[in-house]
Amino acid sequence: MAKFTNANTGNGWISEEGEKVLLKVTKVDDKMDDFGKITVYFQNELGQGISNNYQIKKRSKINEGAMTALNILASRVLPGVEEYDTDDFVGKYIRANIIGVEGDEKDEDGNIKMFYNIKEMFSTTDVFTSKTKKNSKPAPEPEVDEDEDDEEWD
């Protein structure tokens, strides 16, 4: 069995795969003027982050693939909106499939680094339900009175 090191641990980054993970857009870093790039930052309910880079301009030309990907994100977080400002993404939610990808580099122990990326995005009306913050413990499970009669629901 191969041993892997997660390249994102220690920074509070998402470190596992998942299907339709609920993510909130927390920040948009617009560096279009300097680098032709927009970076969108997301967090899951546990406060773990993931980001997507959109290299909109390459060699002073529009990168159609990146523009299409950014428009897909816009259609998921701002459904039905034809014109948008990327700042409008902040505070919006999506569901996303997250995949793990082996890196090319190894860490100091010789383990292959793992990176996690958004594979697909879906629109959602869901929002975070807990007040869980980064590096905080999850809320304890509620106590159940086992003497109570269980009712069956159809």
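No hydrogens, no waters, no symmetry mates; every other heavy atom, side chains included, goes into these values.
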Under a 3.5 Å distance rule, please check whether [X] uses its side chain to pair with a backbone N or O of [Y] as donor and acceptor.
X: N71; Y: M67; value: yes
X: R95; Y: V21; value: no
X: N44; Y: G47; value: yes

Atom [atom1] in [X], atom [atom2] in [Y]: separation rounded to 0.5 Å?
X: E120; Y: I98; atom1: CD; atom2: CD1; value: 12.0 Å
X: L46; Y: F128; atom1: CG; atom2: CZ; value: 8.5 Å
X: D85; Y: D30; atom1: CG; atom2: CG; value: 8.0 Å
X: E108; Y: K106; atom1: CD; atom2: NZ; value: 13.0 Å
X: Q55; Y: F35; atom1: CD; atom2: CZ; value: 9.5 Å
X: K24; Y: D126; atom1: NZ; atom2: CG; value: 13.5 Å

Looking at side-chain heavy atoms only, is the closest gap between [X] and [Y] below 4.5 Å?
X: N97; Y: F122; result: yes
X: I62; Y: E64; result: yes
X: Y54; Y: N63; result: no
X: L23; Y: Q43; result: no
X: M32; Y: I38; result: yes
X: V28; Y: V90; result: yes
X: L70; Y: Y84; result: yes
X: I50; Y: I14; result: yes

Can you name the closest pair of heavy atoms from [X] and [Y] and give their distance?
X: I112; Y: G103; value: CG2-O, 3.6 Å
X: S75; Y: S123; value: O-OG, 3.8 Å
X: T129; Y: E45; value: N-OE2, 3.0 Å
X: I118; Y: A96; value: CG2-CB, 3.9 Å

May I ask you to say whether D33 pairs ionically with K31, meaning some side-chain N is under 4.0 Å from a carboxylate O?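 No, D33 and K31 are not salt-bridged.
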L22 reachable from V77 in the ILVMFWY side-chain graph, under 4.5 Å edges: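 Result: no, two separate clusters.
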Same apolar cluster (I L V M F W Y, side chains within < 4.5 Å links), F89/V81: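 Yes: a chain of side-chain contacts under 4.5 Å links F89 to V81.
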Angle between ring planes, W13 versus Y41, binned at 30° and 60°: parallel, tilted or perpendicular? tilted
Run the side chain to side chain contact (heavy atoms under 4.5 Å, CB included) test on I94 and F42 for me, step by step, so that the C-alpha distance in whole Å, both residues' side-chain angles and the decisive distance to 0.1 Å come before the verdict. CA-CA 9 Å; I94 62 165; F42 305 86; 3.7 Å; yes
